[in-house]
Protein chains: 2
Amino acid sequence: MTYSKNHAFSSELQEIATICKALSHPARIAILKHLSTCSSCISGDITKEIPLSRSTVSQHLQELKKANLIEGEIDGVKICYCLNSKIIKKHFGLLNKILIEISTENKFTKCC
Amino acid sequence: MTYSKNHAFSSELQEIATICKALSHPARIAILKHLSTCSSCISGDITKEIPLSRSTVSQHLQELKKANLIEGEIDGVKICYCLNSKIIKKHFGLLNKILIEISTENKFTKCC
DNA sequence: AAATTATGTCGTATGTTTGCGACATAATTT
DNA sequence: AAATTATGTCGCAAACATACGACATAATTT
């Protein structure tokens with residue numbers, strides 16, 4: 001079977017879908033939330049916060065990195081993660097725009 | 001292997017993740033966007049808007065329904081879909097809250 | 001009553017995600 | 001140089017998502 005017809009949609013829709021996909025797991029939201037409030041963002045500290053195995057958390061971190069939502073900086077043996085504020089603001093703005101667009105009452109009669 | 005450890009996270013995180021999952025496919029965002037602007041929301045009309053087969057669109061509609069983002073009302077042979085504005089506003093408010101929380105600059109020094 | 005129309009559901013193929021343990025690597029300490 | 005520490009990556013298994021055609025059903029038209 002041919003698969004994933006994402007290319008059939010506008011790049012804006014694809015982009016929003018990608019952002020939402022990155023946010024579609026509680027562990028990843030928990031990581032972002034944690035990073036937004038803590039001073040230290042050493043990988044090991046994040047792992048302690050998340051009720052999953054170290055390798056699974058590492059995987060989620062890589063996904064957030066791939067989505068450009070976080071950055072990692074090597075510091076000796078440790079790796080220090082933090083939010084990519086600039087990209088996050090840009091992405092969240094786009095997401096917010098469409099959320100408002102969708103949740104604004106339309107002018108036509110509703111059927112239900 | 002045991003699977004899906006969602007239960008290990010707070011219900012708030014789970015709820016946000018669920019909303020994002022519903023929005024994580026371009027076809028579903030396109031459907032919501034379409035419903036927010038059109039006067040008619042007959043299932044067949046939606047299907048014409050989306051570049052996927054009828055049965056696949058139907059599947060996406062069921063998922064949006066399961067996530068409570070849309071409602072369907074039978075009208076003879078046809079089915080009329082519309083946004084569940086109330087739930088959408090509630091959910092999007094929750095989502096927006098966390099987006100602001102995450103994207104707000106924190107008060108601590110950043111490591112990268 | 002047969003044909004048509006609108007829509008949902010099932011079965012199937014395939015791709016993707018989640019989760020873990022085991023192994024690899026590279027910096028630091030002993 | 002060996003041990004320890006922090007972290008990433010691989011390989012696997014199970015679950016889930018995507019996509020489609022074929023079939024089922026129920027209302028409407030002929």
Side-chain angles (χ1 to χ4, degrees), chain A residues 1-9 13-14 17-31 35 40-67 70-82 111-112, chain B residues 1-9 13-14 17-31 35 40-67 70-82 111-112:
Chain A
M1 187 107 345
T2 47
Y3 206 66
S4 176
K5 287 204 150 186
N6 279 4
H7 59 278
F9 298 91
L13 288 184
Q14 285 184 54
T18 302
I19 300 163
C20 288
K21 205 168 195 177
L23 298 174
S24 73
H25 194 288
R28 291 195 288 268
I29 304 172
I31 292 170
L35 285 178
S40 134
C41 40
I42 300 299
S43 172
D45 296 344
I46 297 166
T47 303
K48 271 174 221 149
E49 290 284 315
I50 308 293
L52 295 171
S53 80
R54 206 185 49 68
S55 61
T56 304
V57 172
S58 177
Q59 225 169 254
H60 284 302
L61 284 169
Q62 300 320 307
E63 260 180 88
L64 288 170
K65 219 163 134 191
K66 212 178 71 189
I70 63 171
E71 289 175 307
E73 194 178 70
I74 296 168
D75 172 26
V77 214
K78 301 180 175 181
I79 294 183
C80 189
Y81 282 103
C82 66
C111 58
C112 37
Chain B
M1 186 103 350
T2 47
Y3 205 67
S4 175
K5 286 203 149 184
N6 279 4
H7 59 277
F9 297 92
L13 288 184
Q14 285 184 55
T18 302
I19 300 163
C20 288
K21 204 167 194 175
L23 298 174
S24 74
H25 194 288
R28 292 195 288 268
I29 304 173
I31 291 170
L35 285 178
S40 135
C41 40
I42 301 298
S43 174
D45 296 343
I46 298 167
T47 304
K48 270 175 224 149
E49 290 282 316
I50 308 292
L52 295 171
S53 80
R54 206 185 50 68
S55 60
T56 303
V57 173
S58 177
Q59 226 170 252
H60 284 304
L61 284 169
Q62 300 321 307
E63 260 182 85
L64 289 171
K65 220 164 135 189
K66 212 178 69 188
I70 62 171
E71 290 176 308
E73 195 177 68
I74 295 169
D75 173 26
V77 214
K78 301 180 177 183
I79 294 184
C80 190
Y81 282 104
C82 66
C111 59
C112 34

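Not measured: the values here are computed from a predicted model. Hydrogens, waters and symmetry mates play no part in the numbers below; they use all other heavy atoms, side chains included.
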Touch class at under 4.0 angstrom, heavy-atom based, for B/S58 against every strand present: base
Among D/dG21, D/dT7, C/dC20, the one nearest any side-chain atom of B/S53 is D/dG21
When rounded to whole Å, the CD1 to C1' distance for the pair A/I46 and D/dA6 reads 13 Å
I want to check one thing: is the phosphate of D/dA19, taken as OP1 and OP2, less than 4.0 Å away from some side-chain N or O of B/T56?
no
To the nearest 0.5 Å, atom CG of A/L23 lies from atom CG of B/L23 at 10.0 Å
ask   = Going by modelled atom types, is there a donor-acceptor pair between the base of C/dG21 and the side chain of A/S55 at under 3.5 Å?
value = yes
Taken to the nearest whole Å, CD/A/E73 to C1'/D/dT7 is 16 Å
*Would you state whether a donor and an acceptor, one from the side chain of B/Y81 and one from the base of C/dT7, lie under 3.5 Å apart?*
no
ask   = Is there a side-chain contact between B/Q59 and B/S55 (heavy atoms, below 4.5 Å)?
value = no
In this structure, CG of B/L64 is separated from CD1 of B/I70 (nearest 0.5 Å) by 4.5 Å
Taking Watson-Crick and G-U wobble contacts under 3.5 angstrom, with | marking pairs to another strand and [ ] crossing pairs, the secondary structure of DNA chain D is written ||||||||||||||||||||||||||||||
Ordered by number, residues from residues 17-30 of chain A within less than 4.0 Å of DNA chain C (heavy atoms) are A/K21, A/H25, A/R28
d(A/H25 NE2, A/L52 CG) to nearest 0.5 Å is 6.5 Å
By nearest-nucleotide position on DNA chain D, the 5'-leaning member of A/L61 and B/R54 is A/L61
* To do: Indicate, with a heavy-atom threshold strictly under 4.0 Å, whether A/L52 touches base, sugar-phosphate, or nothing.
  => sugar-phosphate
Between CD of B/Q62 and C1' of C/dA6 the distance, given in whole Å, is 14 Å
| task | Report yes if some heavy atom in the side chain of B/L61 is under 4.5 Å from a heavy atom in the side chain of B/K65; otherwise report no. | result | no
note: A/L64, atom CG; C/dT17, atom C1'; distance rounded to Å ~ 14 Å
Does D/dA26 have its OP1 or OP2 closer than 4.0 Å to a side-chain nitrogen or oxygen of B/K78?
no
note: B/I79, atom CD1; D/dA26, atom P; distance rounded to Å ~ 12 Å
**Asked** Does B/R54 reach the main-chain N or O of B/G44 with its side chain, forming a donor-acceptor pair under 3.5 Å?
**Response** no
- Quick one: is C/dG8 close enough that its OP1 or OP2 comes under 4.0 Å of any side-chain N or O from B/S43? yes
Taken to the nearest whole Å, NZ/B/K66 to C1'/D/dC16 is 10 Å
The answer to which of B/P51 and A/Q59 contacts DNA chain D further toward the 5' end, by nearest nucleotide, is A/Q59
Separation of D/dT28 atom C1' from B/I74 atom CD1, nearest Å, is 15 Å
